[in-house]
A.B. asks: 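A single structure is presented below for examination.
This one's a predicted model, so the numbers in the text were calculated from it and none came from an experiment. Letters A, B, ... are given to chains in the order of the sequence lines, protein chains preceding strands, and every chain is numbered from 1. Side-chain atoms are counted along with the backbone in the values below, which use heavy atoms only and exclude waters and symmetry mates.
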Number of protein chains: 2
Amino acid sequence: MPELRRDPVIGRWVIISTERGKRPSDFSKEPEPEMGKLCPFCPGNEDKTPPEILAYGNLGRQRNKADWWLRVVPNKFPALQIEGSLNRKGDGMYDKMNGIGAHEVLIETPNHKQEMPDMPDNRIEDILWAYRDRIIDLRRDTRFEYILIFKNKGAAAGASLSHPHSQLIATPMVPVRVRQEMLGGKQYYDYKERCVYCDMIEQELTSNERVVAENDHFVALEPFAPRFPFETWILPKNHDSHFEDLQKPEAFNLSRILKLVMTKIKIALDDPPFNYIIHNSPLKDQPLPYYHWHIEIMPKLSKIAGFEWGTGFYINPTPPEEAAQFLKEAE
Amino acid sequence: MPELRRDPVIGRWVIISTERGKRPSDFSKEPEPEMGKLCPFCPGNEDKTPPEILAYGNLGRQRNKADWWLRVVPNKFPALQIEGSLNRKGDGMYDKMNGIGAHEVLIETPNHKQEMPDMPDNRIEDILWAYRDRIIDLRRDTRFEYILIFKNKGAAAGASLSHPHSQLIATPMVPVRVRQEMLGGKQYYDYKERCVYCDMIEQELTSNERVVAENDHFVALEPFAPRFPFETWILPKNHDSHFEDLQKPEAFNLSRILKLVMTKIKIALDDPPFNYIIHNSPLKDQPLPYYHWHIEIMPKLSKIAGFEWGTGFYINPTPPEEAAQFLKEAE
């Protein structure tokens, strides 16, 4: 059973995989992802993953067989385990609990090499819809407080398999990073009685210095204080705190802008490794006037070094105004 | 002039290098550090760095000539600039100020290939003493609130030059990461009236599960909730909030335990890239009962991915108890 442990000073939770127990020799210097190995996410290899939780496929398709175009399965090597109770306990001054949670993999396409820029539009809509489906299903499990949906692409961004996929992790507490964002949004709201993200969108659309693209429902922009070169956020123009409120016309427009941004990043930066993360409200929160869900996309172009770890500051060599210009022009 | 910009939600400051302005094509996929190029940190190349701020060398040595064994110079490509005033201002809803600060490089040895495991003991003492000297000098500049001392070794840890060196950055505000640690320490102190780090040292020395090494003044241990495999902290056994209070006998013992830990990490993990960071109190704070300076060493063995960015959680595949055992046995 993985263990959740809390740093007694910072309050940061860490997942210790007590079962996998990596030894020093297990950290090879540059692991090459699955070269020459069979891909467990390709059609025909459905028995190489745990049984599917959800699949979109042709009518009459058999479960755990081919003929799907999107498939969600439990992670075979989960960071957190679905069975069991939290069993919170102390260890002297320290705090720990069982590593309970859900860890799922969303296989985005049967095509091993088809990333978003090459997908038909409605496939991306399906991916977004599957994110929503999984949140709506998992939030019924009262042990969970938060669901993080994210994508790692490329070994440098932490991906261990190259077949296009996203991941979902449900956690039994609201992560510290999310609490900070909630707190920041709430403080702004308490002072201004407006959503900080709504104000940001208003100012960005007016100045137009950092906007990359927009459509009826969404805007893609380089944030004012980005940690990383070409960090790009996609935000709904209308205030909404919960991603899973997404309706069909919004999913349509989100899929278009996401594909456009992914295509621009691929062209401008020569197909870089990246992470994207859906920043969403905690599961048990009602609609919040002070939080605004959004997607943060972070191309992995620079290394995180001692200064960043020590301060929480970031040094970014590319002003977002210039990054926005480059992305706008990339077609 | 670099610009400091504040994220309006999280309050995180970011340094935007408006002058270096990296274009997309500047991010090559795997930059090799300075292969075949002249090393600006080697003796004889003193004119390739800005003029020195401090050097330890033979008596009668000329400034900015060879014959030194340790040298501190301004960073040629500083993240922050020493001249100017902060000039805090708004930009609509956003906050920014000039990127004022100090950014120095401490060249640890004239020998291009000599890292700490291969240094004579007293050289490491000199490095620690030089850290102290620079803090004591820079804290007289009232614009600065914090000084971060850190070392990046290896390209994967963010080093762009391979000659052994540390860095120092003085910032005009207390970084968010430091404020969190201070706050955590203070909350514990308010509740318990004891230092959280002192309690940690007491519990670790008693249980002895995660201790790697100790001597009269210092203990090296794997923390209870480490973010990374083989993350190792070195703490003074006696309470002290400020690194620069270091006295000669302590510097002696710190140099011994630092060399020992660096040697063990090198052997156990096959000379990995790493960062180390001195966690210290803000410059203007008096001695604090609730904060305890220490060094955090983070071998770079795994990648940070979407989950870590999105939650602030970390997934660590090596329990610290096992890591401590491996390091204890590495000789």
A.B. asks: Does the plane of the ring in A:H292 sit parallel, tilted or perpendicular to the ring in A:Y197? Use 30° and 60° as the thresholds.
C.D. replies: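 Taking A:Y197 first and then A:H292, their aromatic rings sit tilted (interplane angle of 30° to 60°).
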
A.B. asks: Please assess A:E222 against B:R5 for the test salt bridge (Lys or Arg N to Asp or Glu O under 4.0 Å), listing each intermediate value before the final yes or no.
C.D. replies: CA-CA 13 Å; A:E222 308 293 297; B:R5 296 186 180 187; over 6 Å; no

A.B. asks: Please classify the contact of A:Q325 with chain B as side chain, backbone, both or neither, using a heavy-atom distance under 4.5 Å.
C.D. replies: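 Contact with chain B is absent: no heavy atom of A:Q325 under 4.5 Å.
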
A.B. asks: For A:N152, is it the side chain, the backbone, both, or neither that has a heavy atom closer than 4.5 Å to a heavy atom of chain B?
C.D. replies: side chain

A.B. asks: Pick one of side chain, backbone, both or neither for B:Q180, based on which atoms fall under 4.5 Å of a heavy atom in chain A.
C.D. replies: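 Contact with chain A: backbone and side chain both.
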
A.B. asks: Against chain B, label A:I277 side chain, backbone, both or neither, depending on which of its atoms sit under 4.5 Å from a heavy atom there.
C.D. replies: side chain

A.B. asks: Under the 3.5 angstrom rule, does the side chain of B:D271 hit a backbone N or O of B:K266 as a donor-acceptor pair?
C.D. replies: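 No, the answer is negative, given that no donor and acceptor are paired below the 3.5 Å cut-off.
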
A.B. asks: Counting distance only, does the side-chain N/O of A:Y189 pair as donor-acceptor with the main-chain N or O of A:Y291 below 3.5 Å?
C.D. replies: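 No; zero donor-acceptor contacts below 3.5 Å.
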
A.B. asks: Do side-chain atoms of B:H103 reach the backbone of B:A79 as a donor and acceptor pair under 3.5 angstrom?
C.D. replies: yes

A.B. asks: Between B:W13 and B:M173, is the side-chain contact (heavy atoms from CB on, under 4.5 Å) condition met? List the steps.
C.D. replies: CA-CA 9 Å; B:W13 287 91; B:M173 73 280 285; 3.6 Å; yes

A.B. asks: Let me know if B:F224 has heavy atoms under 4.5 Å from chain A in its side chain, its backbone, both or neither.
C.D. replies: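 Both parts, backbone and side chain.
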
A.B. asks: Could you tell me which of B:G99, B:P320, B:S302, B:A323 has the largest number of non-hydrogen atom pairs under 4.5 Å with chain A?
C.D. replies: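 When all of B:G99, B:P320, B:S302, B:A323 are compared, B:P320 has the most.
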
A.B. asks: Quick check for you: among B:F230, B:W309, B:Y314, which has the greatest number of heavy-atom pairs under 4.5 Å with chain A?
C.D. replies: B:W309

A.B. asks: Answer with side chain, backbone, both or neither: which region of B:N280 has an atom nearer than 4.5 Å to a non-hydrogen atom of chain A?
C.D. replies: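 No part of it gets close to chain A.
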
A.B. asks: Can you tell whether the side chains of B:R6 and B:D91 come within less than 4.0 Å, N to carboxylate O?
C.D. replies: no

A.B. asks: Let me know if B:M200 has heavy atoms under 4.5 Å from chain A in its side chain, its backbone, both or neither.
C.D. replies: both

A.B. asks: Between B:V174, B:L4, B:L148, B:I149, which has the largest tally of heavy atom pairs under 4.5 Å with chain A?
C.D. replies: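 Maximum pair count with chain A is reached by B:L148.
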
A.B. asks: With only heavy atoms counted, which part of B:P299 is less than 4.5 Å from chain A, the side chain, the backbone, both or neither?
C.D. replies: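 Contact with chain A is absent: no heavy atom of B:P299 under 4.5 Å.
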
A.B. asks: Measuring heavy-atom distances to chain A, does B:K300 have an atom under 4.5 Å in its side chain, in its backbone, in both, or in neither?
C.D. replies: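 When you check distances to chain A, only side chain atoms of B:K300 fall under 4.5 Å.
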
A.B. asks: Quick one: which of A:H279, A:E204, A:E308 has the most heavy-atom pairs under 4.5 Å with chain B, could you say?
C.D. replies: A:E204

A.B. asks: Any idea how B:Y131 and B:Y276 line up, ring-wise: parallel (<30°), tilted (30 to 60°), or perpendicular (>60°)?
C.D. replies: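 It falls in the perpendicular class, over 60°.
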
A.B. asks: Using non-hydrogen atoms and a 4.5 Å limit, figure out which bit of B:P223 sits close to chain A: side chain, backbone, both or neither.
C.D. replies: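 Neither the backbone nor the side chain of B:P223 comes within 4.5 Å of chain A.
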
A.B. asks: Quick one: of B:G310, B:G158, B:G11, B:A330, who has the most non-hydrogen atom pairs under 4.5 Å with chain A?
C.D. replies: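 When all of B:G310, B:G158, B:G11, B:A330 are compared, B:G310 has the most.
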
A.B. asks: Look at A:G306, A:P8, A:P226, A:G185 and state which one has the largest set of heavy-atom pairs under 4.5 Å with chain B.
C.D. replies: A:G306

A.B. asks: Is chain B contacted by the side chain of A:F313, its backbone, both, or neither, given a heavy-atom distance below 4.5 Å?
C.D. replies: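 Both parts, backbone and side chain.
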
A.B. asks: Counting distance only, does the side-chain N/O of A:T318 pair as donor-acceptor with the main-chain N or O of A:P229 below 3.5 Å?
C.D. replies: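 The answer is no, because no donor-acceptor pair under 3.5 Å joins these two groups.
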
A.B. asks: Sort B:I304 into side chain, backbone, both or neither according to what part of it lies under 4.5 angstrom from a heavy atom of chain A.
C.D. replies: both

A.B. asks: Counting only heavy atoms closer than 4.5 Å, note whether A:F274 contacts chain B via side chain, backbone, both or neither.
C.D. replies: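 For A:F274, neither part sits under 4.5 Å from chain B.
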
A.B. asks: Is B:S281 reaching over with its side chain to a backbone N or O of B:S241, donor-acceptor style, under 3.5 angstrom?
C.D. replies: yes

A.B. asks: Would A:I278 and A:I295 satisfy side-chain contact (heavy atoms from CB on, under 4.5 Å), going step by step from the backbone distance to the final call?
C.D. replies: CA-CA 4 Å; A:I278 299 183; A:I295 301 179; 4.1 Å; yes

A.B. asks: Within the supplied structure, the quantity of interest is the number of heavy atoms (other residues, nucleotides, ligands) at a distance under 6.0 Å from A:K328 NZ; does it exceed 12?
C.D. replies: yes

A.B. asks: Does any backbone or side-chain atom of A:S207 lie under 4.5 Å from a heavy atom of chain B? Answer side chain, backbone, both or neither.
C.D. replies: neither

A.B. asks: At a heavy-atom distance under 4.5 Å, which candidate from B:I169, B:T206, B:I15, B:L327 has the highest pair count against chain A?
C.D. replies: B:I15

A.B. asks: Just checking A:E202: does its CD atom have more than 12 heavy atoms from other residues, nucleotides or ligands closer to it than 6.0 angstrom?
C.D. replies: no

A.B. asks: At a heavy-atom separation under 4.5 Å, does B:F326 approach chain A through its side chain, its backbone, both, or neither?
C.D. replies: side chain

